[in-house]
Protein chains: 2
Amino acid sequence: MTSEASRRTPTLEDVAKAAGVSRATVSRVVNGITSVDPRIRTVVTQAIEATGYIPNAAARTLVNRRSGTVALVISGSDGSADQIFRDPFFGRIAGGVVRHLRSGGMHPTLMLADSDQARRDAVDFVRRGNADGALLVSTHAGDLLPRLFVDAGIPAVLFARPAVPVPISFVDLDHEAGAALAADRLADLGCRRVVTIAGPADLPAANDRLSGFQRAMERRGVPYVDVVRGNFTAESGEQAMAELLDAVPDADGVFAANDLMAVGALRVLHERGRSVPGDVALIGFDDSEPALMARPRLTTVAQPVEDMAARMTAILLDQLGTPATKLTSVVFTPELIIRESA
Amino acid sequence: MTSEASRRTPTLEDVAKAAGVSRATVSRVVNGITSVDPRIRTVVTQAIEATGYIPNAAARTLVNRRSGTVALVISGSDGSADQIFRDPFFGRIAGGVVRHLRSGGMHPTLMLADSDQARRDAVDFVRRGNADGALLVSTHAGDLLPRLFVDAGIPAVLFARPAVPVPISFVDLDHEAGAALAADRLADLGCRRVVTIAGPADLPAANDRLSGFQRAMERRGVPYVDVVRGNFTAESGEQAMAELLDAVPDADGVFAANDLMAVGALRVLHERGRSVPGDVALIGFDDSEPALMARPRLTTVAQPVEDMAARMTAILLDQLGTPATKLTSVVFTPELIIRESA
DNA sequence: GAGCCGCGAGAGAGCGCTCTCTCATCTCTC
DNA sequence: GAGAGATGAGAGAGCGCTCTCTCGCGGCTC
């Protein structure tokens, strides 16, 4: 091996020379094409070993038009960068995506779309061929991110139903059913003065949880439910609970649209001398870490985020495999996790 | 425009034809080379607009040998995939990395290295040219991930000092100083019967926090400190606190090596009828979400994770710019956040 | 007005790989 | 033993881009 060859990273050509065969044959061996004489295969394999050859991804991508990468785009309202990544939701999604992608030797490229510019950049990133498709996690309503990808003709799958109608595949949770689970539990427990802390009005998921809860409660004979909206943070949960308690001092059941707000509510309940679940039954949503960490441990509606993320990934990979673009949407069924708070 | 041209994504060649110039000229315009006649530049720009041209990343990477991507490798003990992503630490690191990388038009590719195979895959990923360098987040001791990257000659920066000596750049926190901050606070508060919940013995950071605390406490006239080790989870914090309380019923000060364990300790303290901070002062470490969520709010040693992640990224980009491989290590100074628990 | 310099555009050779097409060799069959 | 059909290796044309080198042309000096 010349000193020149040893300073460059070896190419197919180098391996071919070392093995005394053509570039094409080495390519066949590398890609596992079976129509290669076993003896030649052995020689080539040894040459690959000896030269320390490793295929160049860019060259492959250039001819195959496949990058083996998907973009994982986290869309948030403008300037919410840090906020988003601190949300345990993000980690769970990332986990599900990575785990599923790995099995196919692929990896996600993380992109934050928290401004119009960033959203356009994300689209361009894929258009340039850096990724074969996109996984979109949209956390706010009126988000034009899904639209941008659809218009660009990029294979993409959304986490959560799009806030505005867009022809795109997605995975979602049956939020209404989840909220109904909570309502039924509260009703079973004999709660009659029930209140709820809802999420932001511009989020479809939040509205579904609210309407699902109200409807189920009505079915169970509780036609009117006081509601105050929060923004999914513990602080907003505290404030909402305080307002609710002022309005309905004898409340005996609370449904919070997510665990964080439930934790906030729990604090206020304690401060105001209510025992949980003794005086007031409390149910959260998500089954996140805080639900488990709270005392009493929170009864909550579980959302299989990792599985949903994995499924979202599966749908995308499927679309990448078959260019025939048929839309798929999968709605997951929530589950009530009964712990101590209700 | 022929129908053939409109079905392919346009290339430089197409733009050149449309503008009536050479491929090279279009390339100059696209890349902002200044030595182009303004009039020609205008014509070319219009042609780019008209054709909807977008550069092909793979082709660029092939000749430039730059992918514009870095690998963000999260290394964990085998099979700890889900666990890792649930840790709020991960999100904070991701946030810091993404934010900094974005300014240079780059993006991280997320990789999970939770097995020997996965670690090798991560190295190969970069060797193939998929990424220009790597950001390594190693969460367990004896991790050979840094070694693998160094041996492969890949530019890489580590989050946290390597457990075993490896010639690699890194960012870290002065854990000893942080623990000393906690010790001094406890001493200032007049605590004399002090105990500590340490982290896993195989983590350098955990040991630094322990020794830093012990040493500072000694300086302040408390030569002996009872210690029980946990594994950084709230549950282990509960258990450790229970043991500690059995051994030292009159303990008046507790330092937990992270917030999660402090939260666990807080629960046991309450259960056993100790008021915090009245009877027992409690200090955590990290300044994570749970510290803020606890009641009383946790006094804790803050670790500027986002800034550290950003700095780690900066160091990597710097190394990518100047191939002259000089090692850099930056140690951040912790800060005591005084809240209600101590 | 002839020669020189410098600016700016074009030509063309790769970057490392895949894949089709061609061609040589080997094994059957009758 | 000759022709047909497999089988498997090699040749070569790109994939879309960058970048060096070459060359034309305008303005300058003396």
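Values below: all heavy atoms of this structure, side chains included; hydrogens, waters and symmetry mates excluded. Numbered from 1 within each chain, the chains take letters A, B, ... in sequence-line order.
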Report, as yes or no, whether the 6.0 Å neighbourhood of atom CZ on Arg311(B) holds more than 12 heavy atoms from other residues, nucleotides or ligands.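 Counting neighbours around CZ of Arg311(B), 12 or fewer heavy atoms of other residues, nucleotides or ligands fall under 6.0 Å, so no.
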How large an angle, rounded to 10°, do the end axes of the helix from dG1(C)-dC30(D) to dC30(C)-dG1(D) enclose when each is built from five base pairs?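 Here the helix ends are tilted 40° relative to one another.
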Keeping to residues at least two apart or across chains, list the salt bridge (Lys or Arg N to Asp or Glu O under 4.0 Å) pairs with something in residues 43-56 of chain A.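 For residues 43-56 of chain A, and leaving out neighbouring residues, there are no salt bridge (Lys or Arg N to Asp or Glu O under 4.0 Å) pairs at all.
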Can you find a side-chain donor-acceptor pair between Asp143(B) and Ser75(B) that sits under 3.5 Å?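 Yes, a side-chain donor-acceptor pair sits under 3.5 Å.
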Protein proximity profile, nucleotides 13-22 of chain D - base contact B, sugar-phosphate-only contact S, no contact -, cut-off 4.0 Å on heavy atoms: B-BBBBBB--
Generate the contact string for nucleotides 22-28 of chain C. Rules: B means base contact, S means sugar-phosphate contact only, - means no protein heavy atom under 4.0 Å. -------
Donor-acceptor pair, Asp172(B) side chain versus Val331(B) backbone, under 3.5 Å?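 Absent.
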Excluding sequence neighbours, so at least two apart, what forms side chain to side chain donor-acceptor pair (under 3.5 Å) with [X]?
X: Thr109(B); answer: Thr109(A)
X: Asn64(A); answer: none
X: Thr313(A); answer: none
X: Arg23(A); answer: Glu13(A)

I need the residues from residues 120-131 of chain B with at least one non-hydrogen atom less than 4.0 Å from DNA chain C; give them sorted by number, or say none.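 Per residue number, the list is empty: none.
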With heavy-atom distances below 4.5 Å as the criterion, would you say the side chains of Pro108(A) and Met111(B) are in contact?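 No. Closest side-chain heavy atoms not under 4.5 Å.
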By side chain to side chain contact (heavy atoms under 4.5 Å, CB included) - contacts of Ser103(A) (at least two apart):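 In terms of side chain to side chain contact (heavy atoms under 4.5 Å, CB included), with neighbours along the sequence ignored, Ser103(A) is linked to no residue.
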Identify, with sequence neighbours excluded, every residue that meets side chain to side chain contact (heavy atoms under 4.5 Å, CB included) alongside Arg28(B).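 Counting only residues at least two positions away or on another chain, Arg28(B) forms a side chain to side chain contact (heavy atoms under 4.5 Å, CB included) with Ala24(B), Thr25(B), Ile33(B), Val36(B).
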Show me the pairs that pass ring pair (Phe, Tyr, Trp, His ring centres under 6.0 Å) and involve residues 89-127 of chain B, at least two apart or across chains.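 Listed by first then second residue: Phe90(A)-Phe90(B), His107(A)-Phe125(B), Phe125(A)-His107(B), Phe85(B)-Phe90(B).
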For Thr25(A) and dG10(D), is the shortest distance between a side-chain N/O and OP1 or OP2 below 4.0 Å?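 The answer is yes; a side-chain N or O of Thr25(A) sits under 4.0 Å from OP1 or OP2.
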